Structures are given as structure tokens and as C-alpha cells.
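Working notes, beginning with the structure itself.
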Amino acid sequence: QVQMRESGGDWVQAGGSLRLSCAASKSIFGINAASWYRQAPGKQRELVATITPGGNTYYTDSVKGRFTISEDNALNTVYLQMNALKPEDTAVYYCNVAYGSLEVWGQGTLVTVSS
């Protein structure tokens, strides 16, 4: 089975930066969109950012101006550059790719931002 594997999660002090990476274990053809989601303790999973093959991007309001999503290899590799991190950004971050009617999720990587 194809898997998306995240890396880059770590502990960081408020105001710091992290770069998350997500890569497909096998090549996926025809990815329509790649996204980063996050789930904080006690909260619902939320969409953080999305990128499409044409380069269009979406960001949730809380991360605009601080986070940047990018990709390589036809969205088989996805990055999330996170700057000016806040304690509210603490969460498990998941990557997701959609192709056709299918989706593949990563296992998540933990980001902890301390005050």
C-alpha cells in the first residue's frame, strides 16, 4: 500500500521555525491536491494548507503569513514551512494527498511549541 510519511516535527520555542516534510512511499500518479491537517489535544482535526498541481494554495486564517506549503515531484513530496510559531500551533500534523476518488493519509508528526 502507498503511504505518506511525515517528518520534521519537533519541540520549538514560541517564535521559532520548523519545516515539515511528507513523501509518498511509492510514486502516485495524478495527485489532485496535497494538504496539511493538524489536530490539537481535545480539538477536531482542521485543514491547515492545501496546494494543487497548478500551484494554487489555500491557508486557514490562523496561519496566513506564517506558514508556506510547497511541493515537488507532482505533489508526491509536500513541505510545510512554519515560521513565528505559537503555542496554539501545537498539534499532530498530518499530510494528505487526493487522487481520483482516493485519499492517502500520513501517520502524523508531533509539533510542540512552548511559551
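This structure is a prediction, so every number in the text was calculated from the model and none was measured.
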Can you check whether Tyr93 reaches Met82 side chain to side chain, under 4.5 Å on heavy atoms? yes

Quick one: salt bridge (Lys or Arg N to Asp or Glu O under 4.0 Å) pairs with a partner in residues 100-115, sequence neighbours left out? none

For residues Gln107 and Glu6, report the shortest heavy-atom separation together with the two atoms involved. N-OE1, 3.0 Å

Walk me through it: do Thr50 and Thr57 pass the test side chain to side chain contact (heavy atoms under 4.5 Å, CB included)? CA-CA 5 Å; Thr50 297; Thr57 58; over 6 Å; no

Hey, could you give me the CG/CD1 distance between Asn56 and Ile51, rounded to the nearest 0.5 Å? 8.5 Å

Can you find a heavy atom in the side chain of Tyr99 that is under 4.5 Å from one in the side chain of Val104? yes

So how far is it from Asn96 CG to Trp36 CH2, rounded to the nearest 0.5 Å? 10.5 Å

Arg5 meets the salt bridge (Lys or Arg N to Asp or Glu O under 4.0 Å) criterion, sequence neighbours left out, with none

Can you measure from SG (Cys95) to CD (Gln3) and round to the nearest 0.5 angstrom? 10.5 Å

Less than 4.0 Å between a side-chain N and a carboxylate O, is that true for Asp61 and Lys64? yes

With rounding to the nearest 0.5 Å, note down the distance linking CD1 in Ile28 to OG in Ser25. 7.0 Å

Is there side-chain contact between Phe67 and Leu80, with heavy atoms separated by less than 4.5 Å? yes

When you compare the side chain of Thr109 with that of Ser7, does any pair of heavy atoms fall below 4.5 Å? no

Would you say Ile69 and Val111 are hydrophobically clustered, going by side-chain heavy atoms of ILVMFWY under 4.5 Å? yes

Do Pro53 and Leu75 touch side chain to side chain, with heavy atoms closer than 4.5 Å? yes

Not counting sequence neighbours, list each pair that qualifies as a salt bridge (Lys or Arg N to Asp or Glu O under 4.0 Å) and has a residue in residues 43-57. Arg38-Glu46

Between Asn83 and Ser17, is there a donor-acceptor pair closer than 3.5 Å when you use the side chain of the first and the backbone of the second? no

Applying side chain to side chain contact (heavy atoms under 4.5 Å, CB included), run through Thr52 and Tyr58 and close with a yes or a no. CA-CA 9 Å; Thr52 62; Tyr58 162 85; over 6 Å; no

Ser35 vs Leu47, side chain to side chain contact (heavy atoms under 4.5 Å, CB included): CA-CA, chis, key distance, verdict: CA-CA 7 Å; Ser35 300; Leu47 176 64; 3.7 Å; yes

Test of understanding: clusters of I, L, V, M, F, W, Y form through side-chain heavy atoms closer than 4.5 Å, transitively. Do Val63 and Val78 belong to the same one? yes

Is there a chain of hydrophobic side chains (I, L, V, M, F, W, Y, each step under 4.5 Å between heavy atoms) that links Val113 to Leu20? yes

Side chain Thr90, main chain Thr112, donor-acceptor under 3.5 Å: no

State whether the side chain of Tyr59 and the backbone N or O of Arg66 hold a donor-acceptor pair below 3.5 Å, judged by distance alone. no

Show your working on side chain to side chain contact (heavy atoms under 4.5 Å, CB included) between Leu18 and Leu85 and close with a plain yes or no. CA-CA 8 Å; Leu18 286 174; Leu85 283 161; 4.1 Å; yes

Under 3.5 Å: donor-acceptor pair, side chain of Asn32, backbone of Gly100: yes

Compare every heavy atom of Ser115 with every heavy atom of Pro87, then report the nearest pair and how far apart it is. CG-OG, 3.5 Å

To the nearest 0.5 Å, tell me how far Tyr37 OH sits from Thr60 OG1. 11.0 Å

State, yes or no, whether a side-chain contact exists between Arg19 and Ser70 at a heavy-atom distance under 4.5 Å. yes

Using the rule that two of Ile, Leu, Val, Met, Phe, Trp, Tyr join whenever any of their side-chain heavy atoms come within less than 4.5 Å, decide whether Trp105 and Leu110 are in one cluster. yes

